[in-house]
Amino acid sequence: MLNPATAQAVIDHALFLGADFAELFIEHHQSSSVELLSGDIDKVNSGIDFGIGVRLFFGHKVLYGYTNSTDEEELKRVTGLLAAKDKRDQIVNAGALNLSRYQTKHACQQPLSQSPNLDAKIAFLRQCDAAARDEDEKINQFIGRILQREQQIEIFNSTGLHIGDTRHYTRVAATAIAQNGSEQSTGFEAPGALTGWEFNTHLDAKELGHAVAKQAMVKLFAENCPSGEMPVIIGNGFGGVIFHEACGHLLETTSVAKKASVFHDKMGEMIANPVVSAVDDGTMTNEWGSINIDDEGMETQRTQLIKDGKLTSFMVDHMGSLKTGFTPTGSGRRESYKYAPTSRMRNTFIEPGDSSLDEMIASVEKGIYAKKMGGGSVQPGTGEFNFAVQEAYLVENGQITKPLKSATLISTGPKVLKEISMIGSDFALAAGMCGSVSGSVPTTVGQPALKVDNILVGGN
């Protein structure tokens with residue numbers, strides 16, 4: 001996308017101006033979305049964006065700018081404006097650019113650039129809508145959306161790196177709304193994958209519609225959740241959002257390097273119950289949070305964060321490595337060319353254990369089964385969190401007795417890690433978007449069902 005001679009000239013110019021490191025990130029991004037509301041197609045959008053990010057290091061200081069032009073003089077002008085903020089006399093020599101190649105792990109059969117498949121997507125959403133409304137007459141609204149993206153990137157830097165990648169994303173979001181008088185409740189699912197529109201062959205439109213409608217109906221007649229400290233079983237799949245938000249961010253060098261994480265000095269120490277092992281893995285085939293290379297050009301990898309309760313690794317980007325001394329893990333990510341990369345999660349999950357869900361339920365005298373987690377808020381640095389439960393049930397004397405609404409889980413990530421006593425074998429993953437200082441990026445959360453012995457539950 002950018003002439004290598006132009007890239008070399010701009011990088012040489014940056015180093016001549018005193019930068020210790022220079023990088024160009026080129027992105028061509030195509031997107032298409034279709035949304036169904038009230039039984040009709042409400043929105044059809046498409047767009048293309050292109051730009052180049054310029055990143056310079058001066059010691060541990062990062063300077064960043066971007067432009068939509070490929071002109072050499074314009075790129076040098078942006079570089080000069082950045083370097084003018086921190087000029088140095090020392091000149092570093094750039095490595096000669098050498099194109100790197102790798103074997104892609106993520107096949108794509110129906111990329112957006114070949115066909116938007118608009119008719120097929122509309123038909124899929126209509127099937128979801130019909131299935132949701134067939135579930136119960138109290139389902140009075142269905143909202144469906146399909147997003148497909150194709151992101152082409154190219155990276156040049158002063159170590160001589162020249163590498164590129166094409167990423168194909170497809171995600172389906174379905175929401176059902178049930179109403180009984182003045183009471184309303186919702187059900188929501190949003191599966192996604194690093195692949196083209198062939199992703200729909202792994203989804204059943206009718207099953208997706210039924211699933212979100214059932215969620216909505218369960219909550220519509222649920223009783224208020226009791227409050228207090230009690231054992232909670234957190235369901236598989238999206239239940240992993242608590243680990244992602246309350247613990248995962250504390251293991252990124254984005255926070256570790258600033259000592260803004262409670263785990264910054266805990267490497268090699270027991271930070272969780274010995275039954276807990278956790279991983280951040282960018283190599284999983286066609287998973288939503290996977291990547292061939294990160295946004296700094298490093299091939300992705302599987303990173304064991306916690307092993308048998310012990311902290312074994314952080315997620316490390318280039319600058320994070322310079323600041324902390326830890327080896328990069330292929331975790332440098334950014335939303336687009338408008339952002340400088342930082343250490344970010346990919347597919348982050350708690351690994352399976354050997355307990356069954358039935359065993360966990362049977363071990364609880366009185367508590368909550370949080371089958372499906374919702375959104376929440378987290379305090380950076382401490383991992384203090386407050387998460388709503390999308391679908392919850394009361395557990396009494398080892399049995400699930402009735403559905404609950406308005407359940408909230410309140411604790412801290414470090415505390416919850418030590419309160420986990422049982423981990424199931426029903427491992428599952430769920431797609432999501434993660435926001436941080438380098439923008440919003442596709443990430444996957446996951447876990448099997450697990451038991452937290454004691455956590456504060458908020459209810460009405």
Side-chain angles (χ1 to χ4, degrees), residues 27-34 101-117 120-121 124 128 145-153 163-174 189-205 207-208 211 236-241 244 248 278-295 297-304 315 329-336 344-352 426-434 440-448:
E27 177 189 18
H28 180 276
H29 181 212
Q30 182 178 353
S31 64
S32 174
S33 66
V34 55
R101 300 185 186 280
Y102 55 86
Q103 186 69 38
T104 182
K105 305 177 182 70
H106 314 289
C108 176
Q109 298 172 5
Q110 297 184 47
L112 178 61
S113 56
Q114 290 187 9
S115 172
N117 290 294
K121 292 172 181 175
F124 185 95
C128 287
R145 184 170 184 260
I146 296 175
L147 171 68
Q148 189 173 1
R149 301 195 292 124
E150 184 171 313
Q151 182 195 36
Q152 294 177 298
I153 67 166
I163 197 167
D165 192 20
T166 300
R167 301 160 180 172
H168 305 275
Y169 294 100
T170 302
R171 194 177 189 194
V172 179
E189 296 286 348
L194 184 70
T195 189
W197 175 236
E198 69 271 16
F199 177 56
N200 79 93
T201 62
H202 303 286
L203 295 175
D204 186 305
E207 286 185 7
L208 182 59
N236 66 355
F238 200 69
V241 70
H244 171 104
V279 169
D280 182 72
D281 188 354
T283 68
M284 303 173 78
T285 304
N286 292 114
E287 287 296 341
W288 176 252
S290 292
I291 43 178
N292 285 306
I293 58 172
D294 72 1
D295 292 327
M298 180 177 178
E299 286 197 51
T300 193
Q301 65 177 49
R302 184 181 191 273
T303 305
Q304 186 82 47
M315 289 165 279
T329 56
S331 304
R333 303 188 68 191
R334 60 181 116 195
E335 177 180 331
S336 71
R344 303 291 298 275
M345 285 173 273
R346 298 160 297 192
N347 304 301
T348 312
F349 53 87
I350 293 176
E351 294 185 279
D426 56 341
F427 179 76
L429 296 169
M433 295 298 293
C434 174
S440 181
V441 298
T443 55
T444 302
V445 301
Q447 64 176 41

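Predicted, not measured: the structure shown is a model, and the values here were computed from it.
Counted by atom type alone, Gln30 and Ser32 present zero donor-acceptor pairs between their side chains at under 3.5 Å. Judged purely by distance below 3.5 Å, without hydrogens or angles, the side chains of Asp294 and Ser331 never pair a donor atom with an acceptor atom. With no hydrogens or angles considered, a side-chain donor-acceptor pair links Glu150 and Ser113 at under 3.5 Å.
Within a 6.0 Å sphere centred on CD of Gln109, heavy atoms belonging to other residues, nucleotides or ligands number 12 at most.
In this structure the side chain of Glu198 reaches within 4.5 angstrom of the side chain of Cys108, judged on heavy atoms. Side-chain contact between Gln148 and Lys121 is present, with at least one heavy-atom pair separated by less than 4.5 Å. A 4.5 Å side-chain heavy-atom check between Met433 and Pro442 finds at least one atom pair inside the cut-off.
Judged as a salt bridge (Lys or Arg N to Asp or Glu O under 4.0 Å), and not counting sequence neighbours, the contacts of Arg346 are Asp280. The salt bridge (Lys or Arg N to Asp or Glu O under 4.0 Å) search around Glu351 returns Arg302, not counting sequence neighbours. Taking the salt bridge (Lys or Arg N to Asp or Glu O under 4.0 Å) definition, one finds that Arg171 meets it with nothing, sequence neighbours left out.
Not a single donor-acceptor pair under 3.5 Å links the side chain of Arg333 to the backbone N or O of Val441. Distance alone, capped at 3.5 Å, is enough to place a donor-acceptor pair between the Asn286 side chain and the Ala107 backbone. The main-chain N or O of Gly432 is found under 3.5 Å from a side-chain atom of Trp288 such that the two form a donor-acceptor pair. Side chain of Asp204 to main chain of Glu207: a donor-acceptor pair is present (N/O by atom type, distance under 3.5 Å, no hydrogens or angles).
Across all non-hydrogen atoms, the minimal contact from Pro191 to Ala431 is C-CB, 4.4 Å. Between Gln447 and Phe349, the shortest heavy-atom contact is N-CB, 4.4 Å. Taking all atoms of both residues into account, the shortest heavy-atom contact from His106 to Ser290 is CE1-CB, 3.6 Å. The two residues Pro111 and His168 make their nearest non-hydrogen contact at CB-CE1, 3.5 Å. Closest approach of Asp426 and Asn236 over heavy atoms only: O-ND2, 2.7 Å. The minimum heavy-atom distance linking Phe427 with Ile350 is given by the pair CE1-O, 3.6 Å.
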Apply the test side chain to side chain contact (heavy atoms under 4.5 Å, CB included) to residues Gln304 and Val279: give CA-CA distance (whole Å), side-chain angles for both, the deciding distance (0.1 Å), then the verdict. CA-CA 5 Å; Gln304 186 82 47; Val279 169; 3.6 Å; yes
The test is side chain to side chain contact (heavy atoms under 4.5 Å, CB included); show your working for Thr443 and Thr348 and say whether it passes. CA-CA 8 Å; Thr443 55; Thr348 312; 6.0 Å; no
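Ile291 CD1 to Asp165 CG: the interatomic distance, rounded to the nearest 0.5 Å, is 8.5 Å. The distance from atom CG of Asp281 to atom OG1 of Thr329, rounded to the nearest 0.5 Å, is 11.5 Å. With rounding to the nearest 0.5 angstrom, the CD atom of Glu287 is 14.0 Å from the NZ atom of Lys105. Ile293 CD1 to Met298 CE: the interatomic distance, rounded to the nearest 0.5 Å, is 11.5 Å. A distance of 10.5 Å separates CD of Gln152 from NE2 of His29, quoted to the nearest 0.5 Å. Taken from OG1 in Thr444 to CE in Met345, the straight-line distance is 11.5 Å, to the nearest 0.5 Å.
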